[in-house]
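Read through the structure below, which is laid out as structure tokens, and then see the notes.
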Amino acid sequence: MNGGDGGEEVAGAAAGPPPPLEWKFSQVFGERTAGEEVQEVDIISAIEFDKTGDHLATGDRGGRVVLFERTDRKEDGGSRRDLERTDYPISRHPEFRYKTEFQSHEPEFDYLKSLEIEEKINKIRWCQTANGALFLLSTNDKTIKFWKVQEKKVKKISEMNIDPSKAVGNGCVPSSSVSSTTRLYTANGGYPDKSYNYLSNDLSFPPGGSQSLRLPMVVTSHETSLVARCRRVYAHAHDYHINSISNNSDGETFISADDLRINLWNLEISNQSFNIVDVKPTNMEDLTEVITSAEFHPTHCNTLAYSSSKGSIRLIDLRQSALCDTHSKLFEEQEAPGSRSFFTEIIASISDIKFAKDGRFILSRDYMTLKLWDINMDSGPVSTFQVHEYLRPKLCDLYENDSIFDKFECCLSGDGQRVSTGSYSNLFRVFGCSAGSSEATSLEASKNPMSFHWWSQEQKTNESDTWTHIRTRHPYPCAESPGVDANGNSFDFTTKLLHLAWHPSENSIACAAANSLYMYYA
């Protein structure tokens with residue numbers, strides 16, 4: 001998928017697509033017991049790996065951010081030279097452990113608009129590390145916060161600065177002469193008993209003061225503790241709910257997007273932002289589409305993309321103008337004649353977009369499909385993957401219970417050969433997007449993930465001398481049966497897997513099922 005010279009393409013075609021991955025359960029954090037009721041505040045609402053893949057962050061509806069760190073690399077002994085001499089690859093899969101957690105956001109109330117602002121974490125983004133400290137951005141509907149998480153050495157009060165045996169002159173008897181009837185003194189000369197914890201009127205100091213004044217000494221111990229500190233708060237810049245934040249590759253700026261505007265921030269400046277995209281019409285009755293997601297290009301600091309509720313993706317160049325009213329490229333799929341229905345616009349709304357690691361492709365997720373777009377080809381998507389086509393006959397029911405408005409996230413593998421997204425009944429799907437690949441796996445977020453079998457029908461069309469691969473996925477045996485999943489079980493719309501993330505360099509996926517974080521590897 002990543003291109004290359006002609007020789008590489010011929011070699012890749014001869015080798016064929018990579019074989020389907022065999023996914024295995026790795027870990028689970030916060031697993032529920034049978035019949036245990038899930039608290040609303042514990043439901044995970046955001047997942048994000050850092051660029052190295054050594055740290056993982058989750059946010060929940062209670063406004064908390066939980067950090068996990070990778071442990072399997074730390075246990076690998078030997079120097080770098082010894083590891084380089086190893087003539088076989090290390091097959092150990094990523095393993096994580098709980099690191100720390102902190103309260104990122106609290107519930108607030110907007111008195112001007114009489115509006116409650118919930119503490120739910122909408123997005124988390126890692127920033128560049130510095131001096132051993134971790135930095136990350138977290139946001140709820142209105143406020144973005146910049147956090148620094150660092151290990152600090154614990155400071156303790158050590159022994160006093162004099163020999164206790166010489167402390168008689170300070171009103172304290174030597175420890176060797178303390179009897180059971182003598183009232184004990186604390187280290188600073190006070191009483192442990194609160195009834196005596198005051199300065200006696202009979203207390204007198206010798207002329208010239210005490211020769212053995214006892215002062216506590218604060219020393220730094222070898223013990224460390226993780227401390228999360230909010231460095232900056234970026235507030236009062238959005239009238240509508242924030243749906244996206246994204247770091248720039250320059251390491252200095254980031255964007256935040258709501259339904260109608262995208263703002264550009266400098267990490268060092270919290271009281272000022274620049275509005276770079278504004279789709280708000282003069283008359284709100286003329287509003288036809290809203291911004292649903294936005295993301296910076298992974299390597300080009302001047303390029304970003306944002307999606308809309310009409311199913312289009314716009315690529316903009318910050319060098320063109322201060323206010324990017326016009327896009328440099330527009331990606332949208334033309335509607336098939338005669339296919340329009342009441343639900344067409346609703347299910348076309350894009351809920352999430354992600355750039356591939358090399359920045360060449362954009363992955364988008366609408367309600368029914370995943371689409372892969374080549375930024376050099378705006379005529380249509382390179383590949384389309386049907387996520388749950390068997391739900392199409394149930395769109396009316398999904399509209400009635402508001403499930404049709406669920407916003408599923410998507411992710412790409414680090415090598416760009418596979419994509420993934422979630423569905424209902426706590427299922428998530430993995431598709432191969434290499435040329436000729438028919439890989440389509442469905443896994444359940446549990447300790448015993450069951451692989452479902454899918455068949456694919458590939459159609460190739462020659463369009464502007466570019467081969468476009470369109471893969472249609474159908475589960476069997478229940479391809480057209482309404483209300484059942486790929487395994488023939490009744491479909492559960494209350495258990496949905498909305499959030500997931502792919503490890504940046506390995507085939508490992510972290511996904512959230514309610515309050516539980518599941519991790520799988522291949």
Side-chain angles (χ1 to χ4, degrees), residues 1-4 243-250 253-264 274-281 287-336 344-345 347-366 369-385 409-412 416 419 421 433 435 461-470:
M1 190 182 84
N2 298 331
N243 55 49
S244 303
I245 53 175
S246 179
N247 306 82
N248 197 344
S249 58
D250 62 10
T253 57
F254 71 95
I255 55 170
S256 58
D258 63 22
D259 292 342
L260 298 179
R261 293 187 177 96
I262 299 177
N263 293 334
L264 178 68
F274 297 95
N275 179 223
I276 56 175
V277 175
D278 189 349
V279 300
K280 184 178 180 180
L287 182 67
T288 58
E289 63 180 334
V290 296
I291 299 169
T292 56
S293 183
E295 180 156 310
F296 260 119
H297 191 282
T299 56
H300 298 166
C301 61
N302 57 285
T303 304
L304 64 93
Y306 70 92
S307 59
S308 80
S309 57
K310 279 194 170 182
S312 61
I313 301 172
R314 289 173 173 84
L315 203 66
I316 61 175
D317 191 337
L318 298 179
R319 298 171 297 185
Q320 289 183 344
S321 63
L323 184 62
C324 302
D325 290 326
T326 59
H327 51 267
S328 56
K329 284 191 177 181
L330 174 65
F331 305 95
E332 59 183 355
E333 191 171 24
Q334 297 301 319
E335 187 178 314
T344 299
E345 280 198 15
I347 64 175
S349 177
I350 296 175
S351 56
D352 189 28
I353 60 171
K354 291 286 194 320
F355 272 100
K357 194 174 182 179
D358 61 359
R360 170 73 183 272
F361 296 87
I362 299 175
L363 180 68
S364 67
R365 170 69 202 265
D366 56 43
T369 65
L370 272 175
K371 291 186 175 74
L372 191 66
W373 307 79
D374 187 336
I375 64 172
N376 296 329
M377 188 183 77
D378 53 8
S379 57
V382 175
S383 299
T384 299
F385 309 96
E409 294 180 359
C410 59
C411 58
L412 298 96
V419 296
T421 190
C433 54
T461 59
N462 195 335
E463 185 174 312
S464 301
D465 296 328
T466 302
W467 287 99
T468 304
H469 305 282
I470 304 173

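- The two residues L372 and C433 have their closest heavy-atom pair at CD2-CB, 4.0 Å.
- The main-chain N or O of E332 is never found under 3.5 Å from a side-chain atom of S312 such that the two would form a donor-acceptor pair.
- In this structure, D352 CG and S364 OG are separated by 9.0 Å, a value rounded to the nearest 0.5 Å.
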Would you sort out whether I313 and H327 count as a side chain to side chain contact (heavy atoms under 4.5 Å, CB included), showing the intermediate values? CA-CA 10 Å; I313 301 172; H327 51 267; over 6 Å; no
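- Side-chain contact between L412 and K357 is absent, with no heavy-atom pair separated by less than 4.5 Å.
- Residues F331 and D374 fail the side-chain proximity criterion, which asks for heavy atoms closer than 4.5 Å.
- There is a side-chain donor-acceptor pair under 3.5 Å between T292 and S307.
- Between A294 and A257, the closest heavy-atom pair is CB-CB, 3.9 Å.
- The structure places CG of L315 at 10.0 Å from CG of D378, a figure rounded to the nearest 0.5 Å.
- In terms of heavy atoms, G359 sits closest to I375 at O-CD1, 3.3 Å.
- Side-chain contact check for K371 and T369: at least one donor-acceptor pair (N or O, by modelled atom type) lies under 3.5 Å.
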Could you check L287 against L260 for side chain to side chain contact (heavy atoms under 4.5 Å, CB included), going step by step and ending with a plain yes or no? CA-CA 10 Å; L287 182 67; L260 298 179; 3.6 Å; yes
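- We find the CD1-OG distance between I255 and S244 to be 7.5 Å, quoted to the nearest 0.5 Å.
- Looking at residues two or more places apart in sequence or on another chain, you find no side-chain hydrogen bond (donor to acceptor under 3.5 Å, both in side chains) involving D259.
- You'll find the side chain of T421 stays beyond 4.5 Å of the side chain of V419, heavy atoms only.
- Counting heavy atoms from C-beta on, the side chains of I362 and F355 come closer than 4.5 Å.
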Applying side chain to side chain contact (heavy atoms under 4.5 Å, CB included), run through D366 and I347 and close with a yes or a no. CA-CA 6 Å; D366 56 43; I347 64 175; over 6 Å; no
Should R360 and D358 be marked as a salt bridge (Lys or Arg N to Asp or Glu O under 4.0 Å) after you check the CA-CA gap, both sets of side-chain angles, and the distance that decides it? CA-CA 6 Å; R360 170 73 183 272; D358 61 359; over 6 Å; no
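- Atom CG of N302 is separated from atom CG of L318 by 6.5 Å, given to the nearest 0.5 angstrom.
- With hydrogens and angles ignored, the 3.5 Å screen pairs no side-chain donor or acceptor of E333 with any backbone N or O of P381.
- A pairwise comparison of heavy atoms in A305 and I353 identifies O-CD1, 3.6 Å as the closest pair.
- The main-chain N or O of F296 is found under 3.5 Å from a side-chain atom of S246 such that the two form a donor-acceptor pair.
- In this structure, CZ on F385 lies 11.5 Å from SG on C410, to the nearest 0.5 angstrom.
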Check against side chain to side chain contact (heavy atoms under 4.5 Å, CB included), R365 and E409: CA-CA 7 Å; R365 170 69 202 265; E409 294 180 359; over 6 Å; no
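- Residues passing the side-chain hydrogen bond (donor to acceptor under 3.5 Å, both in side chains) test with N243: none are found, sequence neighbours excluded.
- D258 contributes atom CG, which lies 7.0 Å from atom CG of N263 (distance to the nearest 0.5 angstrom).
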